[in-house]
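These numbers were taken from a predicted model, which means no experiment stands behind them. Just so it is clear, the values below take in all heavy atoms, side chains as well, and ignore hydrogens, waters and symmetry mates. Both ligands and their constituent atoms are indexed starting at 1 by order of listing.
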Amino acid sequence: MAPLNLARLIAVAADTIAAHAEELTALDQAIGDGDHGLNMKRGFEAVRAEADAFAAKPLPDALKAIGTKLVMTVGGASGPLFGTLFMALGKEIAADPDRSGLAAAFGKAVEAVAARGKSQIGQKTMLDVLQPVHDALAADKTAAEIADIADAAAEATVPMRALRGRASFLGERSIGHMDAGARSTALLVRSVGQAIGESA
Ligand code: ADP
Ligand code: MG
């Protein structure tokens with residue numbers, strides 16, 4: 001794979017989250033408490049502020065440090081879960097991973113999120129995007145295809161009934177709205193694809 005420009009990737013991800021913060025807030029207002037946009041923006045701006053320091057580290061250490069920063073800054077239920085995703089990815093990934101190594105490490109990271117959230121696919125959470133993204137990575141799909149799969153997976157949370165997180169308190173009334181964490185995950189997946197595409 002082309003060498004990863006991590007500083008650029010962080011900038012694209014933070015820009016994307018900032019541009020969609022109001023949308024994420026609105027999604028979380030419908031079936032949660034409305035803080036997801038601000039939570040994600042705060043976390044990714046904190047990562048952006050230290051982008052050069054992260055980018056100077058070997059990839060596994062950089063991912064672990066980003067995960068730790070997200071745990072400290074995002075807050076809510078999603079902070080520890082996104083933090084776990086990045087920390088576990090950093091723990092599993094090689095310094096210069098090939099595609100199958102990346103897919104395997106991402107698979108372990110998704111398992112770590114599921115364990116941390118005591119959640120599984122179909123419960124209307126970020127996992128409903130993470131799992132199909134892992135499957136697409138393992139199936140050698142292109143970055144653009146993976147981004148489309150992530151968007152479709154977020155869209156597919158609309159008819160689901162939430163069984164985890166705050167939205168689960170609403171029971172049937174959670175049906176008909178997209179899960180905010182599924183949407184933010186799809187946005188991050190597209191930013192990663194975009195940043196990698198630029199450096200390829
Ligand atoms: P909070 O729910 O504490 O307000 P956020 O609004 O930042 O935190 O994040 C909510 C998102 O976190 C949800 O949309 C969902 O995708 C994700 N989430 C919440 N609980 C879980 C869980 N147990 N497993 C997986 N994802 C979860
Ligand atoms: Mg919330």
For ligand 1, indicate whether the residue [X] contacts it via side chain, backbone, both or neither (heavy-atom separation under 4.0 Å).
X	answer
Thr125	both
Thr185	neither
Ala77	both

Checklist entry - Leu127: heavy atom below 4.0 Å from ligand 1, yes or no? => result no
Next on the checklist: Need the atom name: nearest N/O/S atom of Asp33 to the Mg ion (ligand 2).
Outcome noted: OD1
Checklist outcome for this item: The atom of Asp35 among N, O or S that is nearest the Mg ion (ligand 2) is OD1
Checklist entry - What about Gly181: any of its N or O atoms under 3.5 Å from an N or O on ligand 1? => result yes
Checklist entry - Quick one: does Gly117 get an N or O within less than 3.5 Å of an N or O on ligand 1? => result yes
Checklist entry - Under the 3.5 angstrom rule, does the side chain of Glu145 hit a backbone N or O of Thr142 as a donor-acceptor pair? => result yes
Ion pair present between [X] and [Y], side-chain N to carboxylate O less than 4.0 angstrom?
X	Y	result
Asp148	Lys141	no
Asp15	Arg48	yes
Asp179	Lys124	no

Next on the checklist: Testing the 3.5 Å rule here: is there a donor-acceptor pair between the side chains of His36 and Thr25?
Outcome noted: no
